[in-house]
Amino acid sequence: MKKIFALIDCNNFYVSCERVFNPKLENKPVVVLSNNDGCCVARSNEVKKLGVKMGEPLFKIKDLVTKHKIEVFSSNYELYADISNRVMQTLFTFSPDVEVYSIDEAFVNLGSLSVDSYQKTGLEIRKRILDWVGVPVSVGIAPTKTLCKIANEIVKKNPEYKGVLSLTDMPEKEIDVILKKIEVSDIWGVGRQYTKKLNSYGIYTSYDFKHSNPEFIKKIMTIQGLKTQTELKGISCIPLEYEIPDKKGICSSRSFGRPLTTFTELREAVSNFVSIASEKLRSQNSKCLRITVFIQTNRFKSNEKQYSNSYTYEFQSPTSYTPDLIKAGSFALSKIFRTGYIYKKAGVFISEIQNENQVQEVLFNMDIFQYTGPKKDFLIREIDFLNGKFGNNTVTFGSNGFKKSWKPKSEKRSDRYTTCFAEILKIT
DNA sequence: TCTGGGGTCCTAGGACCC
DNA sequence: TCTGGGGTCCTAGGACCC
């Protein structure tokens, strides 16, 4: 069977999500900020035209914001996750073979569909998502995922394609003409470092890259680089992945809304991060052996004393029981906390993860942080159930605190129209 | 005043074993 | 003075992605 993939990529996704429930934002410059209202992580086309780069700190574009009346939003992940889900569900109405690649992107296997024109199918996909969900997407269709990415790039830069480009059945020569216009840095899998390296060998365009010596590419970019090159030639070697593999590590970390100095404040923050990470751990039916806690000062403040450190605690037997992890996390924090520093960020990393049905129990567990009572799994399941039904933090742990004065800034968040009754869309 | 968060894969090199 | 060969496992670091 011929391999044909489609890459569906939501345009300026977070901005588009804001526009779904606030049509006044249409055709206006809009940015969405990262956590703690720090950087621009989504920009409308109007903002991109003003020269604002991805990841640009908000404070650096303050003048532009005022001058061009840019609408600024804190990120509203609950809303974005829900809209993303709707986009993906719509894709499943075309084919069961969907790989959800990220919150705003998916690959679909079109090879199993009998269609007369891939271009037409692409346009249908685009229209259905726009009609049903309200988010504009770009569609790139090609025999390999890497070429899909290229097709998508072109679509985004050239409005005349009306959102869809299929490289299928395009003669090799015509594809080469396109590749000559795409810089190596725009190839999926070629980042900043490899761009520098390739440029230094005289390889500038995707065309140059495609026609370089494969042995040489493998040597300087490992096996992944070789795969990328092969895919550019139209030979698929990165397959669709339908099942989401279990995470091997789970991280929860945040910058603080204000600098913290005391152990008590940090311990509360860490306790919250542990709670988030262990909920994720249980949601994939896993347990972990290790927990790492890290803290750091503000690396951008060169006039402040800098410090960062981490400590890893290893349990005697795998656990996913939040209180175990909170105790171990607090202990880890106590190992690295130093007074006299101004802390900006902390986080928790859970690793050595295994499926909860395959854990190796120890006969005599002497771990001072692990509770060994019989009903712990049952209890924590009930808590997860209640939080799932009535919303996050319905049942929570005392050590997580109530005021949470360290919470990241989120001063311009829109309402959670689709996931929170109190914030449902009001027509006035 | 103000600078995000969460992942994956690959390789080289060291420790250790027989 | 001479100082094997082959294998595994683990970790740190570097690259990438969105």
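So that the names make sense, note that chain A is the first sequence line, chain B the second, and so on, each numbered from 1.
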(request) Consider only side-chain N and O atoms of A/Lys156 and A/Asn152, and report whether a donor and an acceptor are under 3.5 Å apart. (result) yes
(message) Can you check the distance between B/dC16 and C/dG4, where both ends of the measurement are the C1' atom (answer in whole Å)?
(response) 16 Å
(message) Are A/Phe216 and A/Tyr201, when compared by the centres of their aromatic rings, separated by less than 6.0 Å?
(response) yes
(message) Please compare A/Ile250 and A/Asn36 by the position of their nearest nucleotide in DNA chain B and report the one closer to 5'.
(response) A/Asn36
(request) Respond yes when some side-chain nitrogen or oxygen of A/Gln224 is under 4.0 Å from OP1 or OP2 of B/dC9, and no when none is. (result) no
(message) Using a 6.0 Å distance limit plus a 45 degree cone around the ring axis, check whether A/Lys305 lies over the aromatic ring of A/Tyr341.
(response) yes
(message) If you define the side chain from C-beta out and look only at heavy atoms, does anything of A/Tyr204 sit under 4.5 Å from A/Glu183?
(response) no
(message) Does A/Lys196 reach a base, just sugar-phosphate, or nothing at all? Heavy atoms under 4.0 Å.
(response) nothing
(message) Between the base of B/dT1 and the side chain of A/Lys62, is there a donor and acceptor pair under 3.5 angstrom?
(response) yes
(request) Return yes if a side-chain donor-acceptor contact under 3.5 Å exists between A/Ser138 and A/Arg126, otherwise no. (result) no
(request) Would you write the dot-bracket representation of DNA chain C, where each base gets (, ), [, ], | or . depending on whether it forms a Watson-Crick or G-U pair under 3.5 Å and with which partner? (result) ....||||||||||||||
(message) Once side chain to side chain contact (heavy atoms under 4.5 Å, CB included) is applied, do any residues pair with A/Val98, and if so which ones, sequence neighbours excluded?
(response) A/Leu91, A/Phe92, A/Val100, A/Ala106, A/Val108
(message) Going by the rule side chain to side chain contact (heavy atoms under 4.5 Å, CB included), which residues pair with A/Pro143 if we only count those two or more places apart in sequence or in a different chain?
(response) A/Leu147
(message) Closest approach to the side chain of A/Asn35, judged atom by atom: which nucleotide of B/dC9, B/dG7, B/dG4 is it?
(response) B/dG4
(request) Return no unless some side-chain N or O of A/Lys197 is found under 4.0 Å from OP1 or OP2 of C/dA15. (result) no
(request) Select base, sugar-phosphate, or nothing to describe what A/Lys218 touches, counting heavy atoms under 4.0 Å on all strands. (result) nothing
(message) B/dG6, OP1 or OP2 - any side-chain N/O from A/Ser253 closer than 4.0 Å?
(response) yes
(message) Would you say A/Lys344 places a side-chain N or O within less than 4.0 Å of OP1 or OP2 belonging to B/dC2?
(response) no
(request) Give a yes/no answer on whether the side chain of A/Ser34 brings an N or O atom under 4.0 Å of OP1 or OP2 in B/dT3. (result) no
(message) Whether A/Arg290 contacts C/dT11 is assessed here as follows: a side-chain N or O lying under 4.0 Å from the phosphate OP1 or OP2. Is that the case?
(response) yes
(request) Please tell me which of A/Pro245 and A/Arg254 maps to the more 5' nucleotide of DNA chain B, matching each residue to the nucleotide holding its nearest heavy atom. (result) A/Arg254
(message) If you only use heavy atoms from C-beta on, which nucleotide in B/dT3, B/dG4, B/dC9 is closest to the side chain of A/Val41?
(response) B/dG4
(request) Taking only the side-chain nitrogens and oxygens of A/Lys345, find out if one of them lies under 4.0 Å from OP1 or OP2 of B/dT3. (result) no
(message) Is there a side-chain contact between A/Lys247 and the phosphate of B/dT8, meaning an N or O under 4.0 Å from OP1 or OP2?
(response) no
